[in-house]
Trainee: 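Sharing a structure, written as C-alpha cells. Questions coming.
Note: hydrogens, waters and symmetry copies are ignored here, and every other heavy atom, side chains too, is used. As the structure lists them, so they are numbered: ligands from 1, and atoms in each ligand from 1. This structure is a prediction, so every number in the text was calculated from the model and none was measured.
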Amino acid sequence: MTTPETRWIELRERIERACREAGRAPDSVQLLAVSKTRSPDAIRALHALGQRCFGENYVQEFASKHDTLAMPPLEPPIEWHFIGALQSNKTRAIAERAHWVHSLDRLKLAERLSAQRPATMPPLQVCLQVDLSREPGKAGVLETGVQTLADAVAGLPGLRLRGLMTLPAPTEDPVEQRRPFAHLRELRDTLNRHGHALDTLSMGMSDDLEAAILEGATLIRVGTALFGPRTHGGNSA
Ligand SMILES: *Cc1c(COP(=O)(O)O)cnc(C)c1O
C-alpha cells in the first residue's frame with residue numbers, strides 16, 4: 001500500500017541515488033514539500049516523519065494553513081516557502097508569514113515585500129524566478145533582466161537574496177530536462193562573479209528532480225511524489 005511514509009522513503013532514496021550519481025553529499029539537496037491543495041493533517045503527517053520545509057502556491061490557502069498550524073505551533077517549527085504567482089495586492093499576507101519566497105520576478109513586488117516585512121522578523125529570504133523558456137505569459141524575469149533585478153533586490157533591507165528558481169516546460173527526455181537547469185546554474189555563477197553570493201538553486205520537481213540534482217540543485221520542490229496525485233490545482237507559477 002502507498003502511504004505517506006512509503007512515498008517519503010522512496011523519495012529519500014531517489015534523492016540519495018541522484019546525489020551519488022552526481023558525486024554530491026545527500027544533505028546538499030534540501031527537500032521542499034509542495035503542499036498546495038493538501039490538508040493541514042497531510043502536512044502534520046509529513047512533519048511527523050521529519051519534513052520541515054513546506055511550499056505553498058496560493059496566498060489565501062497559504063495564510064489559512066499557516067495560521068492553523070501555528071496554533072499550537074508544531075515542534076520543531078515549519079519553515080514556510082511561498083512558490084506561487086505573486087500579486088501586488090496580496091504581498092502583505094506573505095511578508096508577514098513566509099520564511100522564503102521563490103517566485104520573485106519584479107522590483108515592485110520586491111519593494112512591497114521588503115516594506116511589509118515586520119521589523120520583528122528576520123529578512124525574507126528570496127529567490128528570483130527566471131523565465132528561461134520565454135513562453136508567452138510565463139512568470140519569471142527574463143535572463144536579460146536578472147542582473148538588474150538582483151542588484152536592486154540585494155539593496156532592500158527587508159529581503160535577503162539567496163538564489164534563483166526556475167520552472168521549465170515539462171519534458172520526459174532526461175537530456176532535455178537538464179538543459180534549463182544547467183542554464184540556471186550558469187546564470188547563478190555569472191551573478192556571483194558580479195558581486196552576489198547566491199547559494200540556492202531552486203529547481204527540480206517530482207518528474208525531473210534527478211536532472212536538477214545532476215545540474216546542482218540545492219533545493220528541489222516536490223508535490224505529487226510525496227503526497228500522491230493532485231485532484232485539482234496544478235502548476236500555477
Ligand atoms: C506544484 C509545484 C511544484 C511541485 O510539482 P510536482 O510535480 O507535484 O512535484 C513545484 N514547484 C512549483 C512552482 C509548483 O507550482
Side-chain angles (χ1 to χ4, degrees), residues 2 4 6-15 17-18 29-39 42-43 45-46 49 51-63 65-66 78-87 90 94 98-106 109 125-133 135 137-141 162-174 176-178 180-181 183-184 200-237:
T2 315
T6 57
R7 285 200 192 91
W8 164 263
I9 291 167
E10 275 170 29
L11 181 62
R12 304 282 350 166
E13 285 170 358
R14 272 180 76 186
I15 296 169
R17 227 178 294 129
V29 179
Q30 200 184 4
L31 172 60
L32 178 66
V34 176
S35 47
K36 62 184 171 208
T37 78
R38 318 295 180 169
S39 68
I43 294 175
L46 264 193
L49 294 172
Q51 181 64 33
R52 296 293 171 256
C53 306
F54 290 86
E56 289 284 337
N57 286 65
Y58 311 104
V59 178
Q60 236 87 53
E61 184 187 336
F62 163 51
K65 280 188 222 170
H66 169 282
I78 288 180
E79 184 178 272
W80 288 104
H81 295 234
F82 189 81
I83 63 172
L86 290 167
Q87 290 167 272
K90 293 187 184 164
I94 298 167
H99 299 90
W100 282 73
V101 168
H102 294 228
S103 41
L104 191 57
D105 61 359
R106 270 167 293 159
L109 293 166
Q125 304 179 82
V126 297
C127 290
L128 305 182
Q129 181 173 352
V130 186
D131 174 13
L132 295 170
S133 66
E135 291 166 79
K138 259 202 105 175
V141 59
R162 292 292 301 269
L164 303 177
M165 180 272 233
T166 199
L167 188 59
T171 165
E172 286 179 7
D173 178 347
E176 278 299 312
Q177 284 179 349
R178 288 178 65 165
F181 298 145
H183 194 157
L184 197 72
T200 302
L201 284 175
S202 167
M203 57 191 199
M205 320 198 292
S206 293
D207 294 332
D208 55 14
L209 64 93
E210 283 85 0
I213 289 172
L214 284 170
E215 294 298 347
T218 65
L219 184 153
I220 55 174
R221 310 179 309 268
V222 179
T224 39
L226 263 178
F227 291 101
R230 277 185 296 277
T231 48
H232 59 294
N235 294 340
S236 78

Trainee: Is there side-chain contact between Leu32 and Ile220, with heavy atoms separated by less than 4.5 Å?
Mentor: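 A side-chain contact under 4.5 Å is absent here.
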Trainee: Under 3.5 Å between any N/O of Leu167 and any N/O of ligand 1: does that happen in this structure?
Mentor: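 No, since none of the N or O atoms of Leu167 sits under 3.5 Å from an N or O of ligand 1.
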Trainee: Which of the numbered atoms in ligand 1 are below 4.0 angstrom from a heavy atom of Lys36?
Mentor: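 With Lys36 as reference, the close atoms of ligand 1 come out as 1 (C), 2 (C), 3 (C), 14 (C), 15 (O).
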Trainee: Could you tell me which atoms of ligand 1, counted from 1 in the order shown, lie closer than 4.0 angstrom to a heavy atom of Thr224?
Mentor: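 With Thr224 as reference, the close atoms of ligand 1 come out as 6 (P), 7 (O), 8 (O), 9 (O).
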Trainee: Just to be sure I'm reading this right: ignoring hydrogens, which of Ala33, Gly204, Gly223, Ser202 gets closest to atom 4 (C) of ligand 1? Compare them by their nearest heavy atoms.
Mentor: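 The option holding the nearest heavy atom is Gly223.
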Trainee: Residues two or more places apart in sequence or in another chain: which of them pass salt bridge (charged side-chain N to carboxylate O under 4.0 Å, His left out) with Glu79?
Mentor: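 Testing Glu79 for salt bridge (charged side-chain N to carboxylate O under 4.0 Å, His left out), a comparison that skips the adjacent residues, returns none.
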Trainee: For ligand 1, which atoms have a heavy atom of Ile83 less than 4.0 angstrom away?
Mentor: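 That gives atoms 11 (N), 12 (C), 13 (C), 14 (C) of ligand 1.
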Trainee: Within a strict 4.5 Å, meaning less than it, do heavy atoms of the Val34 and Val222 side chains meet?
Mentor: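 The answer is no, as the side chains (C-beta and beyond) never meet within the 4.5 Å cut-off.
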Trainee: Report, one line per pair, each donor and acceptor closer than 3.5 Å where one atom sits in a side chain of residues 210-217; sequence neighbours left out.
Mentor:
from	atom 1	to	atom 2	distance (Å)
Glu210	OE1	Arg14	NH2	2.9
Glu210	OE2	Arg14	NE	2.8
Glu210	OE2	Arg14	NH2	3.4
Glu215	OE1	Arg185	NH2	2.4
Glu215	OE2	Arg178	NE	2.8
Glu215	OE2	Arg178	NH2	3.1

Trainee: What are the atoms of ligand 1, with element, lying closer than 4.0 Å to any heavy atom of Asn57?
Mentor: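 This gives 14 (C), 15 (O) as the contact atoms.
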Trainee: Does ligand 1 have an atom that lies less than 4.0 angstrom from a heavy atom of Asp207?
Mentor: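 So Asp207 does not count as touching ligand 1.
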Trainee: For Arg221, counting its heavy atoms only, list the atoms of ligand 1 lying under 4.0 Å from any of them.
Mentor: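 So the answer, numbered in order with elements, is 4 (C), 9 (O), 10 (C), 11 (N), 12 (C), 13 (C).
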Trainee: I'd like to check which ligand 1 atoms, numbered from 1 as shown, lie under 4.0 Å from a non-hydrogen atom of Val222.
Mentor: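 Per the distance check, 9 (O).
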Trainee: Between Phe82 and Trp100, does the ring centroid distance fall short of 6.0 Å?
Mentor: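 No, they do not, as the ring centres are separated by 6.0 Å or more.
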Trainee: Heavy-atom contact check, 4.0 Å cutoff: does His102 meet ligand 1?
Mentor: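 The answer is no, since His102 has no heavy atom less than 4.0 Å from ligand 1.
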Trainee: With side chain to side chain donor-acceptor pair (under 3.5 Å) as the test, would you mind laying out the steps for Asp105 and Ser103 before giving the verdict?
Mentor: CA-CA 6 Å; Asp105 61 359; Ser103 41; over 6 Å; no
Trainee: Report yes if the distance between the aromatic ring centroids of His81 and His99 is under 6.0 Å, otherwise no.
Mentor: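 No, the ring of His81 stays outside the 6.0 Å limit from the ring of His99, centre to centre.
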